[in-house]
Amino acid sequence: MISKSNPDIKPFASEEGGMILIDKPKLWSSFKVIHELRKHLGLRKAGHAGTLDPLATGLLIVCSNRKTKVIDSFQGLQKTYSGSFYLGKITPSMDYETEPVDEKDTSGITENMVYETAATFVGEIEQIPPMYSAVNHKGKKLYELARAGKEIERMPRKIQIMRFSIDKIEMPHVYFTVECSKGTYIRVLASDFGAKLGCGAFLASLRREAIGDYSVLDAFDPREVSALFKDAQTGSNE
């Protein structure tokens, strides 16, 4: 795995390919990360093990060329996220991509209520995928239908929350860390959390801290990788 602790970039651009830890910047889509790496490193193929929304930041595991065949081995790993919920408002996208459509008073929400509510989500639970998601429906992404003002019925899916800790409460913001299984939507967790409190909530910030044992602390900003590759090429030609 290519990372800050193992920065040899050359295998990643080889025909055999490699795997690299990337810290996705805010407002970048996961697709843009792949596009930029392919463009600057001349990759034939590249893919990532788990999409992050453009508003989120954090860890992507990116595989290149022949190593794209092992992507599935990373997708099932446990994920760790940190972030914040905004209590008292809901949005159609369950984050701040869309404007709030409802607002409720949070003056009656106590810290104990927040902690107790978080505990109810630990274990196996069901989530309904959000309309603002990349789930496919008859050849279209759900977010494409949502932006066209359409909504379709979605079936709930079982997911696992291993840990849901409340790190800080600064009303209306609640800061958290979540360890969860593949397929968990933290935006849905925010919405369901607010619904259970009776005040509504949306996801205000999100960062993927880890995928399995791989940490974002060991990841490269994608804008660093091109320079890293040029340095490696220069070094090999000296």
Side-chain angles (χ1 to χ4, degrees), residues 1-83 129 133-136 141 143 157 159-160 162-163 177-187 205-238:
M1 183 68 72
I2 301 159
S3 62
K4 287 188 174 179
S5 56
N6 180 36
D8 181 7
I9 193 70
K10 287 180 286 185
F12 191 70
S14 70
E15 185 57 32
E16 180 62 26
M19 300 157 289
I20 191 170
L21 302 183
I22 294 293
D23 184 355
K24 186 190 83 66
K26 190 174 183 178
L27 301 181
W28 281 44
S29 67
S30 300
F31 175 80
K32 180 176 179 178
V33 171
I34 299 301
H35 174 76
E36 291 296 311
L37 291 177
R38 288 188 67 181
K39 180 175 70 174
H40 291 296
L41 277 67
L43 305 176
R44 179 175 52 83
K45 292 173 64 178
H48 60 78
T51 300
L52 277 174
D53 292 335
L55 293 174
T57 66
L59 185 61
L60 284 175
I61 296 177
V62 178
C63 300
S64 64
N65 296 337
R66 290 179 187 152
K67 287 295 185 183
T68 54
K69 295 177 182 178
V70 306
I71 285 176
D72 286 348
S73 66
F74 298 109
Q75 288 179 331
L77 296 177
Q78 177 176 311
K79 313 293 193 301
T80 303
Y81 296 92
S82 64
S133 68
V135 173
N136 280 299
K141 304 289 189 184
Y143 65 76
R157 301 176 177 183
I159 56 101
Q160 188 87 15
M162 296 79 165
R163 179 167 71 99
T177 300
V178 166
E179 295 177 6
C180 57
S181 66
K182 170 189 175 182
T184 302
Y185 287 95
I186 306 299
R187 286 181 291 131
S205 64
L206 184 67
R207 181 164 177 76
R208 185 150 66 197
E209 302 285 353
I211 299 174
D213 293 330
Y214 300 103
S215 170
V216 73
L217 297 177
D218 208 17
F220 292 104
D221 185 301
R223 292 163 290 201
E224 297 177 312
V225 175
S226 178
L228 188 70
F229 182 55
K230 287 178 182 177
D231 289 345
Q233 288 182 308
T234 301
S236 65
N237 293 330
E238 289 177 353

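Hydrogens, waters and symmetry mates are skipped; everything else that's a heavy atom, side chains included, is used.
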* May I have the step-by-step check of side-chain contact (heavy atoms from CB on, under 4.5 Å) for I186 and C180, ending in yes or no? => CA-CA 9 Å; I186 306 299; C180 57; 4.3 Å; yes
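Partners of Y81 by side chain to side chain donor-acceptor pair (under 3.5 Å), not counting sequence neighbours, listed by chain and number: R208. The side chain to side chain contact (heavy atoms under 4.5 Å, CB included) check on K182 picks up K79, with sequence neighbours excluded. By the salt bridge (charged side-chain N to carboxylate O under 4.0 Å, His left out) test, E209 pairs with no residue at all, sequence neighbours left out. In this view, P25 and W28, D221, P222, R223 satisfy the side chain to side chain contact (heavy atoms under 4.5 Å, CB included) rule, not counting sequence neighbours. For the salt bridge (charged side-chain N to carboxylate O under 4.0 Å, His left out) test, residues two or more places apart in sequence or in another chain that qualify with R44 are E15. With sequence neighbours left out, A46 forms a side chain to side chain contact (heavy atoms under 4.5 Å, CB included) with I34, R38, L43.
At a threshold of 4.5 Å between non-hydrogen side-chain atoms, the residues Y214 and M1 count as touching. At least one side-chain heavy atom of L27 sits less than 4.5 Å from a side-chain heavy atom of L55. Taking the side chain as every heavy atom from C-beta outward, I20 and I9 approach each other to under 4.5 Å. Between H48 and V33 the shortest side-chain heavy-atom distance does not fall below 4.5 Å. Here the side chains of C63 and F74 are in contact, with some heavy-atom distance below 4.5 Å.
No donor-acceptor pair closer than 3.5 Å links the side chain of D23 to the backbone N or O of V216. The backbone N or O of F12 lies less than 3.5 Å from a partner atom in the side chain of S64, making a donor-acceptor pair. K24 places a side-chain N or O within 3.5 Å of a backbone atom of A56 that can act as its donor or acceptor partner. Judged by distance alone, with hydrogens and angles left aside, the side-chain atoms of S30 form a donor-acceptor pair with the main-chain N or O of L52 at under 3.5 Å. A donor-acceptor distance shorter than 3.5 angstrom exists from the side chain of N65 to the backbone of K45, with no hydrogens or angles considered. Under the 3.5 Å distance criterion, the side-chain polar atoms of D218 are matched with a main-chain donor or acceptor of S5.
When all heavy atoms of Q160 and M162 are compared, the closest pair comes out as O-SD, 3.7 Å. Taking all atoms of both residues into account, the shortest heavy-atom contact from R207 to G58 is NH1-N, 3.6 Å.
Crowding of F220 atom CZ: a count of heavy atoms from other residues, nucleotides or ligands under 6.0 Å exceeding 12.
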